[in-house]
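Structure first, then comments.
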Amino acid sequence: MALPEPAMPRGPVQVGFYEIIRTLGKGNFAVVKLACHKVTKTQVAIKIIDKKRLEPSDLKKIYREVEVMKLLNHPHIIKLYQVMETKDMLYMVMEYARNGEMFDYLLSSGRLSESEARRKFCQILSAVDYCHSNHIVHRDLKAENLLLDSNMDIKVADCENLVRRMLVIEPAKRITVARIKKHRWMKSDPRPRQPLQRRPSRPLPLMQSPVW
């Protein structure tokens, strides 16, 4: 009786020119994989969507996400590099944010310093302003949808909620991006303040002491 042939070792799973490394996250109908381009060695995140498990309305949202992301090119918004599609599957090759979610960073590191918070808020504001200038609104900005790249810079993600129209609900009551940019907190000097030098021979009276 002939012995069965030994199973050949399986090579890395591939999607196009990308080799899958590991799973980054899972959802109800999609999984996000970390992958590496075989030639350039660039690491990317590939969102793999099983179209068979989607309702027509959900599939329509995915296609809307793709179309909107194709319009965007901003340093603080996750880039869509490529889309591949078969009868049953959709593959979205996107920029990989190495340091994960802002939410997890806050949980592990605690609150940000004022200078770091200002820097990241300016990056978020820049991305939002860019979207608005292209008549696009996100509708779901939160710490889980703010990713951090290798330089700890903000990358706005989850563009499924982007829509190509502005929501106008009592606009007079909403602060504009231009007004936010002019706020004194946005213009604060991020450098630490130096303490005032006092002369020991002539101390200030108590009521005239500087307020910190």
Side-chain angles (χ1 to χ4, degrees), residues 12-51 54 58-59 61-86 89-109 112 116-117 119-164 177:
V13 177
Q14 294 186 187
V15 175
F17 286 100
Y18 300 91
E19 292 183 350
I20 301 298
I21 299 174
R22 60 183 172 87
T23 300
L24 295 174
K26 293 182 178 180
N28 293 329
F29 52 82
V31 61
V32 179
K33 299 280 188 177
L34 174 63
C36 182
H37 194 280
K38 292 191 294 183
V39 178
T40 66
K41 305 303 179 184
T42 302
Q43 289 191 333
V44 297
I46 302 182
K47 188 174 185 179
I48 304 173
I49 300 164
D50 186 350
K51 296 191 293 183
L54 290 175
D58 293 325
L59 187 58
K61 291 179 181 179
I62 297 298
Y63 286 133
R64 181 181 69 190
E65 175 185 359
V66 169
E67 291 305 313
V68 172
M69 289 189 70
K70 286 180 179 179
L71 301 174
L72 303 177
N73 183 20
H74 188 274
H76 299 301
I77 299 176
I78 288 290
K79 291 180 175 61
L80 176 65
Y81 295 137
Q82 184 180 1
V83 178
M84 295 173 280
E85 186 173 13
T86 65
M89 306 296 290
L90 183 68
Y91 304 89
M92 297 172 61
V93 182
M94 299 179 292
E95 181 180 6
Y96 172 51
R98 184 178 301 276
N99 284 305
E101 295 178 2
M102 186 70 183
F103 181 82
D104 294 328
Y105 176 67
L106 291 173
L107 284 180
S108 61
S109 303
L112 305 178
E116 187 180 7
R119 176 172 171 271
K120 286 180 168 46
F121 184 75
C122 286
Q123 293 174 352
I124 297 168
L125 192 65
S126 175
V128 170
D129 193 23
Y130 172 80
C131 288
H132 289 186
S133 68
N134 287 278
H135 308 290
I136 294 169
V137 287
H138 190 287
R139 301 193 304 171
D140 194 25
L141 280 176
K142 56 187 178 182
E144 292 92 330
N145 292 337
L146 301 174
L147 305 183
L148 298 167
D149 67 9
S150 57
N151 297 316
M152 298 302 291
D153 288 328
I154 289 290
K155 297 285 184 176
V156 176
D158 194 13
C159 295
E160 178 181 336
N161 291 287
L162 291 173
V163 292
R164 294 195 64 187
V177 171

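Heavy-atom basis, side chains included; hydrogens, waters and symmetry copies ignored. Every value quoted in this text rests on a predicted model; they were computed, and no experiment measured them.
What you find for Ile49 and Ala30 is that their closest heavy atoms are CG1-CB, 3.8 Å. Heavy-atom minimum distance, Met92 versus Leu80: CB-CD1, 4.1 Å. Nearest heavy-atom pair, Asn151 versus Asp149, reported as atom, atom and distance to 0.1 Å: N-OD1, 2.9 Å. Across all non-hydrogen atoms, the minimal contact from Ile21 to Cys36 is CD1-CB, 3.9 Å. Contact record, Ile77 with Glu95: O-OE1, 3.7 Å, taken as the closest heavy-atom pair.
Counting heavy atoms from C-beta on, the side chains of Val31 and Asp50 never come closer than 4.5 Å. You'll find the side chain of Met69 stays beyond 4.5 Å of the side chain of Val66, heavy atoms only. Residues Lys120 and Leu148 form a side-chain contact, since some pair of their non-hydrogen atoms from C-beta on lies under 4.5 Å apart. Under the 4.5 Å side-chain criterion, counting only non-hydrogen atoms from C-beta, Leu146 is not in contact with Glu101. Looking at heavy atoms from C-beta onward, Cys131 lies out of side-chain contact with Val156 at the 4.5 angstrom threshold. Contact check for Lys33 versus Tyr18: no side-chain heavy atoms found under the 4.5 Å cut-off. Ile124 places none of its side-chain heavy atoms less than 4.5 Å from the side chain of His76.
For Lys38, the NZ atom sits in a packed shell: over 12 heavy atoms of surrounding residues, nucleotides or ligands are nearer than 6.0 Å.
Without hydrogens or angle criteria, Ser109 side chain to Leu106 main chain gives no donor-acceptor distance under 3.5 Å. Of the possible donor and acceptor atoms, one in the side chain of His138 sits under 3.5 Å from a partner among the backbone N and O of Ala157. The main-chain N or O of Lys79 is never found under 3.5 Å from a side-chain atom of Lys155 such that the two would form a donor-acceptor pair.
For Glu67 and Arg64, the salt-bridge test fails: no basic side-chain N is under 4.0 Å from an acidic carboxylate O. With respect to Lys61 and Glu65, no salt bridge is recorded, no charged nitrogen being found less than 4.0 Å from a carboxylate O.
For the atom pair Ile78 CD1 and Leu147 CG, the distance stands at 5.0 Å (nearest 0.5 Å). Distance CG/Leu72 to NZ/Lys70: 12.5 Å, rounded to 0.5 Å. Atom OG of Ser133 is separated from atom NE2 of His135 by 8.0 Å, given to the nearest 0.5 angstrom. Here the CG-CG distance, from Asp153 to Asn99, works out to 10.0 Å after rounding to the nearest 0.5 Å. Distance check: Tyr130 OH to Asn73 CG gives 5.5 Å after rounding to the nearest 0.5 Å. The structure places CZ of Phe17 at 10.0 Å from CE of Met84, a figure rounded to the nearest 0.5 Å.
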Check the pair Asp140 / Asn145 against side-chain contact (heavy atoms from CB on, under 4.5 Å), numbers first and verdict last. CA-CA 8 Å; Asp140 194 25; Asn145 292 337; 3.3 Å; yes
